[in-house]
*Asks:* 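Next up is a structure, given as structure tokens.
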Amino acid sequence: MAIDGPAGAGKSTLARRLAARLGYLYIDTGAMYRAVALWALREGIGFEDGVRLEQLALHAEIELGENRITLNGEDVSVAIRAPEIADAASRVSALPAVRRAMVRQQQRIGEAASVVMEGRDIGTVVFPQAEVKIYLDAEPRVRAERRLRDLEARGEFPALDAVERDIRLRDERDRTRADSPLMQAPDAIYFDSTGLSAQDVEEELLRIVRERTSNGKEVQR
Ligand code: DC
């Protein structure tokens, strides 16, 4: 199952919950780009240095656990959630060579197991044959409010306007890049989560998924 959409739309929460209920693996592809971006920043590699960034992307050993992401054996789950890493991930992910390396890994994971994979290009590029595709959206202000709550949980307290501006800038970059821009696949279900709780979104989409798939059964606990 593919879930795409802009930053703060609620993709991670939804993908994680659907995966748990369906007994699928949850794959956060944004975390992979964030891990490469973190490594690049630490190495002092500029975002225009495509050759070195490609080498990093090819050599990055990224493990996606249930709640734990490791880069070359180091737990980077917290470090990759910093706002500057979100911005850096958006920049490095615009490079075709970096995308190629990540997409290859994502396809390998998806071919080996049933997955709920979330990102920007899952339904369009990574798994165009996905059984169910969801494009999850919400108004920018609402997405900024959600992102602000995440940041506050990390002990950071930026102004809501600043968070909204960053989100809009990042979305603009993700939507207008030449390679695999963020867009809705023609056969994706468009769903606007503005004004809905995570619980509402989960129930509604699970209902849609069940209608569309033969094996949209819940896992018996
Ligand atoms: O989902 P996220 O906010 O963690 O993603 C961080 C950045 O990574 C996002 O701004 C664009 C990039 N990304 C991408 O280009 N393709 C994906 N499939 C996932 C993320």
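Counting convention: from 1, in listed order, for ligands and their atoms alike. This one's a predicted model, so the numbers in the text were calculated from it and none came from an experiment.
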*Asks:* Tell me: protein heavy atom nearest atom 20 (C) of ligand 1, and distance?
*Replies:* G30 CA, 3.5 Å
*Asks:* Identify the closest protein heavy atom to atom 12 (C) of ligand 1: which residue and atom is it, and at what distance?
*Replies:* S93 OG, 3.4 Å
*Asks:* If we only consider heavy atoms of R99, is any one of them less than 4.0 Å away from an atom in ligand 1?
*Replies:* yes
*Asks:* Can you list the steps and then say if L136 with D192 is a side-chain contact (heavy atoms from CB on, under 4.5 Å)?
*Replies:* CA-CA 6 Å; L136 192 63; D192 190 331; over 6 Å; no
*Asks:* Looking at E172 and R175, does any basic side-chain N land under 4.0 Å from a carboxylate oxygen?
*Replies:* no
*Asks:* Please report the shortest heavy-atom distance between M32 and I62, naming the atom on each side.
*Replies:* O-CD1, 3.7 Å
*Asks:* Charged N to carboxylate O below 4.0 Å: is that the case for D150 and R81?
*Replies:* no
*Asks:* Is any N or O atom of R34, backbone or side chain, closer than 3.5 Å to an N or O atom of ligand 1?
*Replies:* yes
*Asks:* Got a salt bridge between R141 and D161, using NZ or NE/NH1/NH2 to carboxylate O under 4.0 Å?
*Replies:* yes
*Asks:* Please determine if R147 has a nitrogen or oxygen closer than 3.5 Å to a nitrogen or oxygen of ligand 1.
*Replies:* no
*Asks:* Hey, is ligand 1 close enough to R120 that some N/O pair sits below 3.5 Å?
*Replies:* yes
*Asks:* Taking salt bridge (charged side-chain N to carboxylate O under 4.0 Å, His left out) as the test, write out the residues that go with E203, two or more places apart.
*Replies:* R21
*Asks:* Taking salt bridge (charged side-chain N to carboxylate O under 4.0 Å, His left out) as the definition, give me every residue that meets it alongside D171, ordered by chain and number, with sequence neighbours left out.
*Replies:* R143
*Asks:* Do S180 side-chain atoms and R99 backbone N/O form a donor-acceptor pair below 3.5 Å?
*Replies:* no
*Asks:* Near Y33, which atoms of ligand 1 are under 4.0 Å from a heavy atom of that residue?
*Replies:* 8 (O), 13 (N), 14 (C), 16 (N), 17 (C), 18 (N), 19 (C), 20 (C)
*Asks:* Between R177 and ligand 1, which part of the residue brings a heavy atom under 4.0 Å of the ligand: side chain, backbone, both or neither?
*Replies:* side chain
*Asks:* Hey, is ligand 1 close enough to T29 that some N/O pair sits below 3.5 Å?
*Replies:* yes
*Asks:* May I ask you to identify, for R170, whether its side chain, its backbone, both or neither come under 4.0 Å of ligand 1 on a heavy-atom basis?
*Replies:* side chain
*Asks:* Taking N or O atoms only and a 3.5 Å limit, does K11 qualify as a polar contact for ligand 1?
*Replies:* no
